[in-house]
Amino acid sequence: MPKSETEKTVSILRGLNTEQREAVTYTDGPSLILAGAGSGKTRVLTHKIAYLIDRKHVSARNILALTFTNKAAREMHDRISKLIKHQIVDMRCGTFHSFFASLLRRDADKLGFSSNFSIYDERDQQELIKTIVSDNRLDGQKFSPSAISSRIGRLKNNMVSPEKFSESANSEFDEVIAAIYPEYQRRLRQSNAMDFDDLLLKPLELFQQFPEVLAQYQCWWSHILVDEYQDTNRPQYALLKALADQSKNISVVGDDDQSIYRWRGANIRNIWDFEKDFPTCKTFRLEQNYRSTANILAAAHSVITKNSYRMEKELWTKREAGDPLTLLLCQTGSEEAYKIIQKIQNEFYNHKRNFSDFAILYRTNAQSRLLEDALRREGIAYVIVGGLRFYERKEVKDVLAYLRAVCNPSDEVSVKRIINYPLRGIGDTTLQKIHEYCIEHQLSFFQGLERITDIPNIQNRTKERVGEFRYFISKYMTLLNSLSAFELATTLVDELGILPQLKQEGTSEALSRMENVRELLNTVYEYTQRNPQGKLQDFLAEVALITDIDKWDDRSNAVTLMTLHAAKGLEFPVVFIAGLEDGLMPLSRSLDNDDDIDEERRLFYVGATRAMEKLYLSAANERMRYGETIPSKPSRFIGEIDDELMEADTSGVYIPREMYYKPQETEIPVQKRQANKKQMRPGILVRHLQFGKGVVKKVDGHGDDQKLDILFEEVGLKKVVVKYAKLEIL
DNA sequence: AGGCGCCTTTTTTTT
DNA sequence: AAAGGCGCCT
């Protein structure tokens, strides 16, 4: 055994540079790893964990690794398994929010919640605040739910409790907040729901009120590692400080130049002050960049050094200078899109690149539209990360609200959302009457429904309908334990008759809604496959915290479009940063505040350092915003780049479509043959919208219940339900 | 009482 | 350019 162990240890350290190796092997006590863009930060983190397990005999279950996205967590998990050459099953690796959500599930009752609590996203929060505003007869115009929720969110991020805040409120708006904030928290509790901020604040509450619980966790998580530390907020910092208080074995990895979430409460001081907070801390600097050419790095550096305060570090590379950056100056946004796509075609044809080598990054999601149009026109496959998020689409939220209501009938927002969807003839007036009755009698909304017969001034016919709705939900509540999450969801959707209704509508919008509902059911199915014991509430908890980047498939051969924020942590051979105009990047709202400008500059830096070989920057002279044409000038950030690193685009050569176009590889199917109309049998080639091409291996069942095992080229063996998978027979 | 259509506002980034 | 709010009509 010792022999193989040494071999493994050697292989764990092999290929690391001196600084990386020092950071990896420093395992006792706090450490701060300042890792510049492309300096192998994920590598250090994964190797360090592997080293802990393999060399220091730390049990995987005592290691807690916190990342920024679920995707990063998954990848880290896989990479560690590869390094130590066996699957690690019991290591905790996830985002702050998902980790603490599951921690809360265990101890929710201690805080007056039950473990099936709902997780409210921003829309749900605003919905709840809207009802509170109207309950208090406040002017909804003057006090918009979004303004209120963002103010409350900011207070929560700064760990200001309702009690503390009510003492300091001194403006009219603050008085309103002081009134709504405690009521908002009360209603969340009554709904057995937590918002994203609560997922971090409630554990702190738990640790304060139950020190023995904290002590247990302190002992359990003997080694804590945190990625993207520059983007943690105050509650996250407090949680780390609490959990690491005994062991002091905390390693944080980050780069203050890449701190881009200040608006969400991230506190760059967390990384600036880490050495003060953990005085015995050892600091490591990773400054060798392995990702980008020297030109790209120099350009990024010339911009970021304009920031007023930074931690001391400078990236360097052994790589050659590479191509200069190319600046595309355009008249309009559409011309910009056209030129970008032209460059992609050019690179594809002349440099033998794949479409997956390209990323187009932009500041705001609204910018994707023109780019999409251009890509579609040219028949180039693309994927968009973000934008209208899947789980925020109306039809998806509707179905999720049903599932949430069944799991947690106290959930006021969800129950109100679906009580009249599909239309049941229960209108606002009835809703208001029930709501007032509930307030008066201190009931949750669902309890109000249960006592509908006692509520005055509602027509009997309407009361019957409310009764039917309540019965519908109760029926599924009793099925929670006997049906799998998937069975319950499909039965429920079938009984609602949403799909046939949408089909009858027939518009392309209705059809896409239908697809989305099916896709959701398919997600439930995959979840049940992955977690046979998984409860519906676990599925709901998972989807509440999932993001689009988590679902992004980097293996599909398509151009990737996303915001600069979403691109954090990724890399691409060729990167375009579009819309580099003052007012858009940096965004106009940040123009009169130096701290905000600095953050925009970091955002530009993050974007630029995603590029490995070639970076294109583009700007337009005029741009449509809010349906208005606004004249604009190139971003100040472009001016901050040394001229000799950059060349203006002069080519303007258009390469005809036939020259580069390879239909069999990139064609987006125009006519899809629906698979469920055909007889499925093993051996048939199919294409799944998400998983790509695959071959049917096994067929189970018939008709609507038919399930298939399909071996996909890129993602391996998956089980799918014919009815819900959008399969195309090839 | 509830449904439908016109007119307003709105988006910066997202766990 | 799209979504939500408001008011009018059934």
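Within every chain, numbering begins at 1; the chains are lettered A, B, ... in the order of the sequence lines, protein sequences first and strands thereafter. These values consider heavy atoms only, across backbone and side chains, with no hydrogens, waters or symmetry-generated copies. Bear in mind the structure is a predicted one, so any value in this text is a computation, not a measurement.
As rounded to whole Å, 17 Å separates atom P of B/dT11 from atom CD of A/Gln367. For the pair A/Asp227 CG and B/dT15 C1', the computed distance is 15 Å after rounding to whole Å. Between the CZ atom of A/Arg369 and the C1' atom of C/dA2 there is a distance of 9 Å, given to the nearest Å. The CG atom of A/Asn460 sits 14 Å away from the P atom of B/dA1 (whole-angstrom rounding). Atom NZ of A/Lys156 is separated from atom C1' of B/dT14 by 16 Å (rounded to the nearest Å). For the pair A/Glu127 CD and C/dG4 C1', the interatomic distance rounds to 11 Å; values are reported in whole Å. If you take CG of A/Leu66 and C1' of B/dT15, they are 13 Å apart, rounded to a whole angstrom. Atom pair A/Gln126:CD and B/dT14:P shows a separation of 15 Å (rounding to whole Å applied).
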Taking only nitrogen or oxygen atoms into account, show me every contact under 3.5 Å that the protein makes with nucleotides 2-6 of chain B, one pair per line with its distance.
from	atom 1	to	atom 2	distance (Å)
B/dG2	OP1	A/Gly425	O	3.0
B/dG2	OP1	A/Gly427	N	2.9
B/dG2	OP1	A/Thr430	OG1	3.2
B/dG2	OP2	A/Gly427	N	3.4

Collect all protein-nucleotide pairs involving nucleotides 8-10 of chain C in which both atoms are nitrogen or oxygen and the distance is under 3.5 Å.
none

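Residues A/Tyr229 and A/Phe274 place their aromatic rings such that the two centres sit under 6.0 Å apart.
You'll find that the side chain of A/Asn365 is closest to B/dT14, out of C/dG4, B/dT15, B/dT14. The side chain of A/Met624 lies closest to C/dA1 when the candidates are C/dA1, B/dT13, B/dT15. When the nucleotides B/dT13, C/dA1, B/dT11 are ranked by their closest atom to the side chain of A/Arg363, B/dT13 comes out on top. Distances were taken from every side-chain heavy atom of A/Arg123 (C-beta onward) to each of C/dG4, B/dT14, B/dT11; the shortest belongs to C/dG4.
Here the side chain of A/Ser632 pairs a donor or acceptor atom with the backbone of A/Ala620 at under 3.5 angstrom. Side chain of A/Asn307 to main chain of A/Tyr309: no donor-acceptor pair is present (N/O by atom type, distance under 3.5 Å, no hydrogens or angles). Side-chain atoms of A/Arg404 do not come within 3.5 Å of backbone N or O of A/Val399 as any donor-acceptor pair.
For the pair A/Tyr261 and B/dT13, the ring geometry does not qualify as stacking, because the centroid separation below 5.5 Å and plane angle under 30° are not jointly satisfied.
The shortest distance between the side-chain N/O atoms of A/Arg264 and the OP1/OP2 oxygens of B/dT12 is not below 4.0 Å.
When each of A/Ser146 and A/Val385 is assigned the nucleotide of DNA chain B bearing its nearest heavy atom, the one mapping closer to the 5' terminus is A/Ser146. For A/Thr364 and A/Phe68, each mapped to the nucleotide of DNA chain B holding its nearest heavy atom, the one lying further toward the 5' end belongs to A/Thr364.
Residue side chain A/Trp263 does not reach the base of B/dT12 through any donor-acceptor N/O pair under 3.5 Å, judged by distance alone.
By the 4.0 Å N-to-carboxylate-O rule, A/Arg310 lies close enough to A/Asp257 to be salt-bridged with it.
Between A/Ala611 and A/Val575, the closest heavy-atom pair is CA-CG2, 3.6 Å.
Proximity of A/Ile452 to A/Tyr437: side-chain heavy atoms (C-beta onward) are nowhere separated by under 4.5 Å. Under the 4.5 Å side-chain criterion, counting only non-hydrogen atoms from C-beta, A/Pro586 is in contact with A/Arg636. Considering only heavy atoms from C-beta on, A/Leu104 comes within 4.5 Å of A/Met194 through its side chain.
Using a 4.0 Å heavy-atom cutoff across all strands shown, A/Lys130 reaches sugar-phosphate atoms only and no base atom. Using a 4.0 Å heavy-atom cutoff across all strands shown, A/Lys433 reaches sugar-phosphate atoms only and no base atom. Residue contacts shown for A/Leu587 include a base, since a base heavy atom lies under 4.0 Å away.
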*Take A/Tyr261 and A/Trp263, measure what ring-ring contact (aromatic ring centres under 6.0 Å, His included) needs, and give me the verdict at the end.*
CA-CA 5 Å; A/Tyr261 284 94; A/Trp263 52 274; 5.6 Å; yes
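With both ends at atom C1', the span from C/dG4 to B/dT13 equals 22 Å, rounded to whole Å. Nucleotides B/dT12 and C/dG5 place their C1' atoms 24 Å apart, quoted to the nearest Å.
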Which side-chain N or O atoms in residues 125-133 of chain A pair as donor and acceptor under 3.5 Å with protein atoms at least two apart or in another chain?
from	atom 1	to	atom 2	distance (Å)
A/Thr131	OG1	A/Leu128	O	2.8
A/Thr131	OG1	A/Arg187	NH2	3.2

